[in-house]
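A short worksheet on the structure shown next.
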Amino acid sequence: MAMKKNKTGFALLVAVIFMTVMLTLGLAISSIGYKQQVLASTAIQSQYAFYAADTALECALYIDQKQQLFLNPPSTLTCSGIDFSISTTTYSSGHLTWLKSDSGLINLDGNRHCAQLTVYKYYSSISGQENGTTYIFAQGYDVSCSTVNTSGARFVSRGINARYVTSVTN
């Protein structure tokens, strides 16, 4: 009879070990799945932020190259129905001039995403020829502009820039 009791305890031990291994394996797989879901979500939010930055950059290129409004910008600019404010500071020294234009936060997609622009224009006028370089920096956010201004808020931000040179003979 003593031998029969030992065999019963052994079966219980094997069952407990098997269940522990299966529980550990299940927890490991669910942890990997959770991490994959977080990475995929971050990639999507990063794409939204990039698209917001790209939209702002394209607006700035259009405003500068087609409308030429960054040389003497009004206080409000419009691009594709989006109105945004801009402030410009001018620095001059002889025939060299720097313009720095900063936009406020630009609401995009019905205030679901946000962007910000900074434009630097450097140009010189020597012997009837105006040479200039323009630098445009666009920062996009995957959240609304009100969230960007909130302290402690979590959001994804992506930035892109463009640089081009112009030469015009007067």
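Keep in mind the model is a prediction, meaning the values are calculated, not measured.
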Looking at Lys121 and Asp64, does any basic side-chain N land under 4.0 Å from a carboxylate oxygen?
yes

CG on Leu39 to OH on Tyr34, rounded to 0.5 Å:
10.5 Å

Within the structure provided, determine whether Val143 and Val148 are in side-chain contact (heavy-atom separation under 4.5 Å).
yes

So, does Thr55 use its side chain to make a donor-acceptor pair with the main chain of Tyr51 at under 3.5 Å?
yes

Heavy-atom check, side chain of Thr134 versus side chain of Val119, under 4.5 Å
yes

Looking only at heavy atoms, the pair that brings Gly140 and Ala53 closest together is N-CB, 3.4 Å

What about Tyr122 and Tyr91, same hydrophobic cluster or not, with Ile/Leu/Val/Met/Phe/Trp/Tyr joined at side-chain heavy-atom distances under 4.5 Å?
yes

Does Leu77 reach the side chain of Asp83, with side-chain heavy atoms less than 4.5 Å apart?
no

Do Ile160 and Phe137 come close enough that some side-chain heavy atom pair is under 4.5 Å?
no

Are any side-chain N or O atoms of Thr24 and backbone N or O atoms of Thr20, one a donor and one an acceptor, separated by less than 3.5 Å?
yes

Using 0.5 Å steps for rounding, measure from the OH atom of Tyr135 to the OH atom of Tyr120.
11.0 Å

Is any side-chain heavy atom of Ile63 closer than 4.5 Å to one of Leu61?
no

Under 3.5 Å, is there a donor on one side chain and an acceptor on the other for Thr118 and Asp102?
yes

Within 6.0 Å of CZ in Phe84, more than 12 heavy atoms from elsewhere:
yes

Backbone N or O of Gln37 within a donor-acceptor pair of the Ser41 side chain at under 3.5 Å?
no

Interatomic distance, SG@Cys114 vs CG@Asp142, rounded to 0.5 Å, equals 10.5 Å

Rounded to the nearest 0.5 Å, how far apart are CG of Leu117 and CG of Leu105?
10.5 Å

Would you say the side chains of Thr89 and Lys100 form a donor-acceptor pair under 3.5 Å?
no

Heavy-atom side-chain proximity of Thr76 to Ile86 below 4.5 angstrom:
no

Is any side-chain heavy atom of Tyr164 closer than 4.5 Å to a side-chain heavy atom of Gln65?
yes

Measuring from atom CZ of Arg158 to atom CD of Gln47, what distance do you get when rounded to the nearest 0.5 angstrom?
11.0 Å

Heavy-atom pair with the smallest gap, counting every atom of Ala60 and Ile136:
CB-CG2, 3.8 Å

Quick one: closest heavy-atom pair of Ala115 and Ala52, and the distance?
CB-O, 3.7 Å

Salt bridge (charged side-chain N to carboxylate O under 4.0 Å, His left out) pairs, two or more places apart, involving residues 15-25
none

Whether the side chain of Ser46 engages the backbone of Thr42 through a donor-acceptor N/O pair (distance < 3.5 Å, no angle test) should be reported.
no

Rounded to the nearest 0.5 Å, what's the gap from CD on Gln67 to SG on Cys79? Could you check?
7.5 Å

Are Ile106 and Tyr141 in one and the same hydrophobic cluster, where Ile, Leu, Val, Met, Phe, Trp and Tyr link if side-chain heavy atoms are under 4.5 Å apart?
no

Between Ser144 and Asn111, a side-chain donor and acceptor under 3.5 Å:
no

Contact between Arg163 and Thr133 at the side-chain level, heavy atoms closer than 4.5 Å - yes or no?
yes

Kindly check if the number of other-residue, nucleotide or ligand heavy atoms within 6.0 Å of OH (Tyr62) is above 12?
no

